[in-house]
*Asks:* 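Would you mind keeping the following structure in view while I ask a few things?
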Amino acid sequence: MNIATVIVDVPAKQTDREFDYRIPEKWTNIIQPGMRVIVPFGPRMVQGFVVGVKDHSEWNKLRNMKEPMDLEPVLNEELLQLADWMTREAMCFKITALQAMLPAAMKAKYEKVLNIIEEKKDRLSPIVLAAMGHRSSITWKEVIEGEHGALFQKEVQQGHLELVYYVKNKLNKKTIKVIRPLHTGEKLAEIALTFTGNAKKQREVLQYFCAHPEPISLKELLEVTHTSNGTVKALVKKQLLAEENQEVYRNPYENRIFERSEPLSLTNEQALALHPIQENIRNKEHEVFLLYGVTGSGKTEVYLQAIASVIEKGEEAIMLVPEISLTPQTVKRFKERFGEQVAVMHSGLSIGEKYDEWRKIHRKEVKVVVGARSAIFAPFEHLGLIIIDEEHEASYKQEETPRYHARDVAIERAKSHRCPVILGSATPTLESFARAQKGVYKLLTMSRRMNESALPAVEIIDMREELRNGNRSMFSEMLLTKLTDRLEKREQTVLMLNKRGHSSFVMCRSCGYVIHCPNCDISLTYHRFNDIMKCHYCGHEEGMPNVCPECESEHIRFFGTGTQKVEEELAKILPEARVIRMDVDTTSKKGSHERLLNAFGEGKADILLGTQMIAKGLDFPNITLVGVLSADTMLHLPDFRSSEKTFQLLTQVSGRAGRHNLPGEVVIQTYTPEHYSIELAALQHYDSFYEREMLIRRQSHYPPYFYLVLITVSHEDVMKTVATTEKITHYLRMHLSPHSIIFGPVASPLSRINNRYRYQCLIKYKREPQLHHHLHTILEHYQQESIQHHLTISIDLNPQIMM
DNA sequence: AGCACGCCGACT
DNA sequence: GTCGGCGTGCTC
């Protein structure tokens with residue numbers, strides 16, 4: 001077993017295979033599959049993943065691997081197999097699948113450095129020496145950025161400079177300095193007596209250690225003894241104390257205390273839902289449960305008790321929550337129940353913090369991980385349960401390669417571990433609900449709110465009517481009346497502005513000219529706080545013009561309703577109301593999300609105004625009114641799921657009202673009150689919506705009746721883009737079954753991004769056993785020329801967004 | 001992806 | 001004649 005099979009960190013078609021390396025003798029018993037290693041690859045060094053070990057290779061020019069990057073495998077056998085599955089399923093490179101399973105901190109960092117070879121130093125050109133500022137080495141990056149790149153290259157060729165490639169971890173373990181006495185207390189006391197006169201401080205430190213012989217962190221030591229670093233250093237130098245680095249975890253929840261919570265008694269419905277899940281856990285069976293429970297029906301308590309059963313068995317659980325609802329409130333509920341046994345993984349943590357949470361899982365110090373999408377790869381070895389809360393959330397599908405869906409990964413992992421999966425939602429995706437109806441998933445229903453509180457009463461307001469009656473503001477009369485009423489009663493209101501598809505664009509009122517991004521085919525979004533127009537796709541920025549670039553009129557201004565604008569309006573009409581605004585601008589800083597929510601929870605504001613991010617998880621007893629300012633903005637997006645998304649969002653946000661003793665009310669403002677997704681969301685009739693929408697999906701051949709594949713081609717030249725898409729479409733029409741429907745080429749809804757034109761081909765199919773094969777052929781064929789001609793082809797299996 | 005090798009045009 | 005442009009092919 002002295003040969004390792006390695007997948008190298010070079011994400012390209014040609015290198016997407018295993019390479020063999022000889023394992024140097026000193027490592028032979030150490031190297032195992034699942035470890036990261038550093039290997040020579042051509043002239044440089046790269047990171048690689050060992051995926052197998054064997055004792056002979058077909059290859060006769062084997063090179064030695066340089067060294068391992070881990071002392072034990074970071075991916076276990078199950079995860080390595082999962083990577084194979086993902087490579088097939090998402091059509092990505094193997095290395096991409098492997099990297100996706102580990103925290104970003106473990107990605108390799110590459111550095112290229114030029115070193116002076118001492119014996120040849122005098123032969124170096126003085127310009128080069130000067131450029132190096134008389135140091136013995138210089139990074140390649142510095143060389144490139146400097147002016148003498150060519151000179152340096154020449155020196156390398158002549159062998160005067162040595163080129164070295166480094167592979168490093170992106171981030172290291174955090175350590176703190178710990179001070180430990182090197183003698184016993186009595187001995188130190190003796191020594192301390194010899195410190196007379198000037199060395200007063202040193203004597204004090206020694207005396208401290210006489211009383212407390214155990215190691216202490218440097219920081220603490222300095223605090224308790226009121227000394228400085230220098231004093232301690234001196235004692236270390238005298239070999240009385242020792243300074244050591246000790247690994248510590250970064251703890252984002254360091255200053256928080258979680259009171260332990262006890263399992264609540266379950267309602268009848270909750271108990272009925274929990275029972276079959278526990279049965280499954282007990283028998284180590286794999287089944288997928290769809291927990292369909294209305295908002296406020298107490299799904300979380302069911303999750304908590306299911307997890308408790310898993311822990312009792314000595315197994316582990318993964319709990320996935322959508323990024324935006326992974327709030328401190330959510331985390332708190334899990335930490336309160338399971339204390340130190342919980343790791344948390346979400347994007348709000350720094351790279352280092354994520355790495356530390358990952359290590360807790362890897363070292364088996366925790367039993368539960370609560371996290372967003374990528375937490376599905378938590379390296380547990382005895383998984384007993386996977387839960388996906390808010391199953392319908394589109395964010396469970398990763399929109400960059402590897403384009404995996406956490407739900408599919410969850411089911412795949414659960415199969416290998418023979419454990420149940422719970423998909424929970426008040427508004428399941430049609431795909432999941434249809435599967436439950438067919439018996440593929442087991443349906444568990446909770447149709448009552450926990451404390452028997454009624455679902456809120458919902459009013460739909462026709463904003464066209466308001467306009468006809470002369471109300472041109474963004475608040476209907478009804479909403480305004482109710483808002484005022486709540487202010488008087490000192491109850492709280494949540495106002496949601498659905499910003500998707502409704503950004504604030506800049507338009508000239510005289511000629512109708514809309515300012516577009518010069519690189520992309522979309523309008524620029526106005527950002528008030530720095531008075532700048534920005535493109536959300538390529539990042540292009542420009543200042544706000546004073547006159548219209550087209551007709552030179554001065555009547556140019558921004559349109560569309562942003563949260564900022566609503567806030568201003570509110571200040572005008574209800575000046576006494578205290579408003580908290582929550583959107584990307586106000587929550588971008590770390591911890592601000594929590595701060596704002598806490599403030600609202602403590603009643604420091606009357607109105608919480610925000611975007612979608614407030615629709616989830618919010619659970620405050622004093623909220624009795626929810627207002628949706630414009631329910632239909634999302635309805636007009638070019639996406640077959642827009643009705644479903646609208647229904648889900650409206651149902652979710654309505655669920656925020658009246659969850660406790662006070663009854664809740666919801667006001668939904670819309671320009672299309674007759675639309676079924678709005679009507680049925682108001683009635684909270686999921687079942688009717690499901691049936692209605694299923695009819696449409698059947699007629700128009702969309703999921704769940706058909707599967708989709710979206711192929712997007714992009715290139716700088718429109719003609720090239722169209723021609724390629726055309727060829728692909730033609731190829732598919734020739735090779736796929738006549739039952740499959742192939743659309744294209746059509747311009748993508750985002751027809752140009754960053755000066756690259758985008759065309760699409762959409763495949764709708766029911767059964768197409770050769771599909772993967774054909775798609776591979778396409779990638780193979782076109783990616784050859786794609787590198788040369790800068791053509792990119794992306795294939796999205798089961799796309800969640802159609803752009 | 002990098003990087004070397006190799007083949008052609010535009011200069012000292 | 002050489003420098004350097006980038007098309008081509010390889011990496012255990």
Side-chain angles (χ1 to χ4, degrees), chain A residues 1-25 27-28 31-33 35-69 87 91-100 104 107-114 125 127-128 139-159 161-168 170 400-402 715-716 720 779-794:
Chain A
M1 295 297 186
N2 63 338
I3 289 162
T5 334
V6 174
I7 301 288
V8 292
D9 178 22
V10 183
K13 186 105 235 164
Q14 291 173 78
T15 49
D16 186 29
R17 56 194 176 85
E18 294 170 355
F19 289 86
D20 292 349
Y21 286 88
R22 202 181 307 111
I23 305 171
E25 210 165 315
W27 305 119
T28 39
I31 299 291
Q32 294 167 58
M35 280 183 173
R36 297 172 307 152
V37 288
I38 298 171
V39 291
F41 197 63
R44 61 207 165 110
M45 291 290 169
V46 296
Q47 187 192 57
F49 285 82
V50 177
V51 292
V53 283
K54 52 187 182 180
D55 40 31
H56 87 282
S57 169
E58 302 293 296
W59 193 262
N60 51 15
K61 294 177 286 182
L62 282 182
R63 293 175 77 178
N64 277 357
M65 68 167 52
K66 185 159 173 278
E67 63 193 35
M69 290 180 84
T87 307
M91 305 196 72
C92 63
F93 301 128
K94 183 89 179 271
I95 187 69
T96 317
L98 291 166
Q99 308 262 40
K107 247 195 111 176
K109 199 173 79 179
Y110 296 102
E111 210 172 51
K112 211 171 138 183
V113 174
L114 290 175
S125 115
I127 304 172
V128 165
T139 63
W140 185 251
K141 201 170 156 239
E142 280 178 274
V143 173
I144 295 295
E145 282 162 6
E147 293 162 40
H148 309 295
L151 273 177
F152 275 96
Q153 214 149 19
K154 212 173 195 171
E155 299 285 6
V156 174
Q157 264 163 26
Q158 292 175 350
L161 286 174
E162 178 193 24
L163 188 52
V164 188
Y165 294 86
Y166 287 108
V167 182
K168 282 195 214 155
K170 206 167 196 167
E400 308 93 55
T401 43
H715 190 266
E716 286 175 1
K720 178 89 188 160
L779 281 180
E780 203 104 348
H781 182 87
Y782 288 100
Q783 271 185 352
Q784 299 295 332
E785 67 167 286
S786 74
I787 308 158
Q788 297 151 20
H789 298 102
H790 304 284
L791 192 85
T792 46
I793 298 173
S794 92

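Reminder, nothing fancy here: chain letters follow the sequence lines and each chain counts from 1.
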*Asks:* Rounding to an integer number of Å, can you tell me how far Ile144(A) CD1 sits from dG2(B) P?
*Replies:*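 Roughly 13 Å, once rounded to whole Å.
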*Asks:* Enumerate the side chain to side chain donor-acceptor pair (under 3.5 Å) contacts for residues 49-61 of chain A, please, sequence neighbours excluded, ordered by first and then second residue.
*Replies:*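 Pairs touching residues 49-61 of chain A that pass the test: Asp20(A)-Lys54(A), Asp20(A)-Ser57(A).
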*Asks:* Look up atom CD1 in Ile38(A) and atom OH in Tyr165(A), then write down how far apart they are to the nearest 0.5 Å.
*Replies:*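 Ile38(A) atom CD1 to Tyr165(A) atom OH measures 15.0 Å (nearest 0.5 Å).
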*Asks:* How many whole angstroms separate atom CD of Gln153(A) from atom C1' of dC3(B)?
*Replies:*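 My rounded result for the distance is 11 Å.
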*Asks:* Rounded at 0.5 Å granularity, tell me how far CH2 in Trp140(A) sits from CD in Glu111(A).
*Replies:*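 Interatomic distance, Trp140(A) CH2 to Glu111(A) CD, rounded to 0.5 Å: 13.5 Å.
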*Asks:* Would you check if there is a donor-acceptor pair between the side chains of Thr139(A) and Glu142(A) at a distance under 3.5 Å?
*Replies:*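 Yes, because at least one side-chain N or O of Glu142(A) sits under 3.5 Å from a partner of the opposite role on Thr139(A).
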*Asks:* Any non-hydrogen side-chain atom of Phe152(A) less than 4.5 Å from a side-chain atom of Leu114(A)?
*Replies:*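 A side-chain contact under 4.5 Å exists here.
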*Asks:* Indicate whether OP1 or OP2 belonging to dC3(B) is found under 4.0 Å from a side-chain N or O atom of Lys112(A).
*Replies:*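 Result: yes.
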*Asks:* Just call it for Tyr110(A): base, sugar-phosphate, or nothing, with non-hydrogen atoms closer than 4.0 Å on any strand.
*Replies:*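 Nothing, no nucleic acid heavy atom in range.
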*Asks:* When the distance from NZ of Lys141(A) to P of dG2(B) is rounded to whole Å, what number comes out?
*Replies:*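 Going from NZ in Lys141(A) over to P in dG2(B) covers 15 Å.
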*Asks:* Would you kindly give the CG-to-P distance between Leu163(A) and dC3(B), to the nearest whole Å?
*Replies:*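 Taking CG of Leu163(A) and P of dC3(B), I get 8 Å after rounding.
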*Asks:* Between Ile7(A) and Arg17(A), is there a side-chain heavy-atom distance shorter than 4.5 Å?
*Replies:*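 No - every pair of side-chain heavy atoms lies 4.5 Å or more apart.
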*Asks:* Can you name the atoms? Protein N/O to nucleotides 9-12 of chain C N/O, anything below 3.5 Å, with the distance.
*Replies:*
from    : atom 1 : to       : atom 2 : distance (Å)
dT11(C) : O3'    : Gly42(A) : N      : 3.0
dC12(C) : OP1    : Tyr21(A) : OH     : 3.3
dC12(C) : OP1    : Pro40(A) : O      : 3.1
dC12(C) : OP2    : Arg63(A) : NH1    : 2.6
dC12(C) : O3'    : Asp20(A) : O      : 2.6
dC12(C) : O3'    : Arg63(A) : N      : 2.9
dC12(C) : O2     : Asp20(A) : N      : 2.9
dC12(C) : N4     : Arg17(A) : NH1    : 3.4

